[in-house]
Amino acid sequence: MTKAFKFTINSRLSGSLARAGTLETPHGTIETPAFIPVGTKATLKSLTPEQLADTGAQAVLANAYHLYLRPGPDIIDQAGGLGAFMNWSRPTFTDSGGFQVMSLGVGYKKVIDMTGTDPEHQPKKANLARIDNDGVTFKSHLNGDLHRFTPEISMQIQHQIGADITFAFDELTTLYDSYDYQIESLNNRTHPWAARSLAEHRRLNAERSHRPPQALFGVVQGANYEDLRRKSAKFLGNMDFDGFGLGGALEKSRIGEITRWMSEELPEDKPRHMLGISEPDDIFDCIENGADTFDCVSPARVGRNGALYTRHGRVNITRQEYKTDFRPFDETCDCYTCANYSRAYLSHLFRSKELLANTLATIHNEHFILKLVDDIRNSIADDSFYSFKAEFVKEYYESR
RNA sequence: GCCGGAGUCGUCUAGUGGCAAUGACAGGAGACUGUAAAUCUCCCCCUUUUUAGGUUCGUAGGUUCGAGUCCUACCUCCGGCA
């Protein structure tokens with residue numbers, strides 16, 4: 001029986017946990033480290049799949065919660081799976097929906113607090129989600145209908161959607177939850193749910209042998225706590241997952257060491273995916289500490305909101321100074337947008353609220369982050385990672 | 001010429017005699033990390049670091065403790081009649 005999924009490490013960066021490799025799936029191979037753009041509702045907002053492929057995207061990640069609510073997993077299954085449905089022939093991922101189910105309630109807008117644990121910014125009480133040890137009952141953000149996810153249900157949905165790589169259903173805690181709550185969450189939910197996700201996943205892979213086999217990543221939690229991160233990574237690492245997602249709340253300034261704790265405990269020969277990370281400094285820190293893939297909405301979202309990446313940092317294209325600036329957005333960028341359009345034109349499109357603004361900005365931002373990760377991958381292979389990182393970070397964060 | 005109506009922050013607009021005065025747009029700045037996001041926040045008469053001060057609702061007077069609001073005249077615009 002052919003394994004659906006194969007991860008090979010081709011080179012390592014000495015003195016670090018960084019590695020470059022390949023991740024084979026039934027829909028193609030991903031060169032790692034890799035950034036995976038997010039197309040939550042089976043579309044990367046404002047781009048056609050062809051445009052997305054042209055930015056350099058090797059895969060796309062969609063969301064089980066959103067696709068479950070609409071159009072419903074049956075329809076995607078009937079279409080032949082996510083890739084066929086959205087006309088994307090390369091590899092696909094789906095997130096379990098755990099993040100959405102939880103973040104719409106207790107953690108809404110407060111899940112990943114990068115600045116700390118200021119009690120003044122504590123999240124409001126849960127209003128859409130209620131968590132118990134068996135699963136989560138929640139209200140649809142679309143119409144308030146009551147729904148329930150359990151690990152089994154999430155896996156059933158993810159198998160109907162049919163992405164190459166799926167994630168276990170986990171509990172998302174926040175930085176505001178106590179240490180005791182974090183332990184209780186790992187012991188009573190995230191870890192048992194991982195085992196249940198894995199069992200249901202195996203059953204479904206066997207039952208649905210007419211479809212390409214899917215892979216399942218377990219999701220490590222533990223917030224900012226070293227003992228909990230290590231414990232969670234070790235616990236999940238002993239289970240037969242195809243890879244691992246590193247998730248949950250964490251302080252931005254500690255993202256590197258937190259990644260390292262998990263990488264040191266996880267099996268060396270399986271891929272590690274950072275959930276929801278894409279800022280350049282975070283990507284460098286995570287790769288250096290053993291991360292292989294990333295997904296994030298940020299490049300697309302901030303792009304639609306008028307913020308474009310440059311090697312000198314992120315800038316808002318609606319700034320007055322760009323109104324009459326006829327240079328390409330970034331002379332050193334080889335994306336479609338920079339090859340063909342000026343800053344003044346982009347400024348005009350955003351000010352006019354023209355739809356093309358979203359498309360051109362998204363193309364640039366996705367390409368920027370994808371290219372960055374490509375360059376990092378190459379720097380691991382030729383051992384220039386540290387100088388490349390130092391140069392990039394200095395230019396990106398200090399020159400503006 | 002007569003009768004009626006109207007003049008408020010760049011634009012449109014709210015405004016019972018009682019706090020520079022509503023909202024929208026335009027304009028300026030910022031934010032966004034497993035997408036409830038083509039979204040959100042702040043500024044937007046002048047000066048000031050501020051709790052402050054100054055000057056304002058077509059113009060000029062008046063009534064009043066107090067006027068964007070009431071009265072008078074004038075100016076401008078829009079209807080109607082000549």
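In what follows, every chain begins at residue 1, and chains take the letters A, B, ... in the order their sequences are listed.
- Going from atom CG of Asp170(A) over to atom C1' of rG34(B) covers 9 Å, rounded to whole Å.
- Contact annotation: Arg301(A) reaches the phosphate of rU33(B) (side-chain N/O to OP1 or OP2, under 4.0 Å).
- With both pairing distances under 3.5 Å, rU41(B) is matched to rA29(B) as a Watson-Crick or G-U wobble pair.
- For the pair Val219(A) and Leu355(A), nearest-nucleotide mapping onto RNA chain B gives the more 5' position to Val219(A).
- Comparing atom distances between the Lys323(A) side chain and each of rG28(B), rC32(B), rU35(B) picks out rG28(B) as nearest.
- Taking the C1' atoms as reference points, rU22(B) lies 13 Å from rG68(B), given to the whole Å.
- In this structure, rU64(B) makes no Watson-Crick or G-U wobble pair, since no nucleotide meets both defining distances under 3.5 angstrom.
- In this structure a side-chain-to-backbone donor-acceptor pair under 3.5 Å is present from Ser232(A) to Gln221(A).
- Which of rU35(B), rC32(B), rG34(B) sits closest to the side chain of Asn305(A) comes down to rC32(B).
- Comparing rA20(B) with rC25(B), their P atoms are spaced 26 Å from each other, to the whole Å.
- A donor-acceptor pair shorter than 3.5 Å can be found between the side chains of Ser352(A) and His348(A).
- Interface remark: the Gln320(A) side chain does not form any donor-acceptor pair with the rG30(B) base, using a distance-only criterion of under 3.5 Å.
- Summarising the geometry, the separation between CZ on Phe99(A) and P on rA37(B) is reported as 12 Å, rounded to the nearest angstrom.
- Using N1 to N3 plus N6-O4 or O6-N4 for Watson-Crick, or N1-O2 and O6-N3 for G-U wobble, each under 3.5 Å, rC12(B) pairs with rG23(B).
- Taking atom NZ of Lys45(A) as the reference point, atom C1' of rC32(B) lies 14 Å away to the nearest angstrom.
- A distance of 6.0 Å or more separates the ring centres of Tyr65(A) and Phe99(A).
- Salt-bridge annotation for Asp375(A) and Lys389(A): absent, with no side-chain N of the basic residue lying under 4.0 Å from a carboxylate O of the acidic one.
- The residue Ala357(A) sits apart from the nucleic acid: no heavy atom pair falls under 4.0 Å.
- Nucleotides rA26(B) and rU35(B) are separated by 30 Å at their C1' atoms, to the nearest Å.
- The P atoms of rA60(B) and rU55(B) are separated by 15 Å, rounded to the nearest whole Å.
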Steps toward salt bridge (Lys or Arg N to Asp or Glu O under 4.0 Å) verdict (Asp242(A), Lys6(A))
CA-CA 9 Å; Asp242(A) 300 290; Lys6(A) 186 177 174 197; over 6 Å; no
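- Leu142(A) places its CG atom 15 Å from the P atom of rU35(B), with the value rounded to the nearest Å.
- Each of Trp261(A) and Ile183(A) belongs to its own hydrophobic cluster when Ile, Leu, Val, Met, Phe, Trp and Tyr are linked at side-chain heavy-atom distances under 4.5 angstrom.
- Between the side chains of Thr332(A) and Arg311(A), at least one donor-acceptor pair of N or O atoms lies under 3.5 Å.
- The pairing partner recorded for rU48(B) is none, the criterion being a Watson-Crick or G-U wobble arrangement whose two distances lie under 3.5 angstrom.
- Along RNA chain B, the nucleotide closest to Thr318(A) and the one closest to Asn358(A) are compared, and the more 5′ of them pairs with Thr318(A).
- Atom CZ of Phe350(A) is separated from atom P of rU39(B) by 11 Å (rounded to the nearest Å).
- Between the CD atom of Gln100(A) and the C1' atom of rA37(B) there is a distance of 13 Å, given to the nearest Å.
- Proximity of Thr40(A) to the phosphate of rU35(B): a side-chain N or O atom is located under 4.0 Å from OP1 or OP2.
- Between Asn63(A) and rU35(B), a side-chain N or O to OP1/OP2 separation shorter than 4.0 Å is present.
- Here Arg70(A) does not reach the OP1 or OP2 of rA36(B): none of its side-chain N or O atoms lies under 4.0 Å away.
- If you take atom P in rC45(B) and the same atom in rG23(B), they sit 12 Å apart, rounded to whole Å.
- Between Arg351(A) and rG27(B) there is a side-chain polar atom (N or O) within less than 4.0 angstrom of OP1 or OP2.
- Atom P of nucleotide rA38(B) and atom CZ of Arg304(A) are separated by 5 Å, given to the nearest angstrom.
- Judged by Watson-Crick or G-U wobble contacts below 3.5 Å, the nucleotide rU69(B) has no partner.
- The partner of rA6(B) is rU76(B), by the rule that a Watson-Crick or G-U pair needs both atom distances under 3.5 Å.
- If you check every strand for non-hydrogen atoms under 4.0 Å, His273(A) touches nothing.
- Spacing of P atoms, rU64(B) relative to rU59(B), comes out at 23 Å, to the nearest Å.
- In this entry the distance linking CZ of Arg319(A) with P of rA29(B) reads 5 Å, nearest Å.
- Nucleotides rC65(B) and rC40(B) have their P atoms positioned 49 Å apart, rounded to a whole Å.
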Quick one, His273(A) with Phe93(A), criterion ring-ring contact (aromatic ring centres under 6.0 Å, His included). Give me CA distance, side-chain angles, the key distance, then yes/no.
CA-CA 11 Å; His273(A) 178 89; Phe93(A) 294 56; 5.7 Å; yes
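- Glu279(A) comes within 4.0 angstrom of a nucleotide base, judged by non-hydrogen atoms across all strands.
- For the pair Lys252(A) and rC32(B), the criterion of a side-chain N or O lying under 4.0 Å from OP1 or OP2 is not met.
- Straight-line distance between the P atoms of rG27(B) and rA6(B): roughly 33 Å, to the nearest whole Å.
- Summarising the base pairing, rG1(B) is matched to rC81(B) through a Watson-Crick or G-U wobble pair whose two defining distances lie under 3.5 Å.
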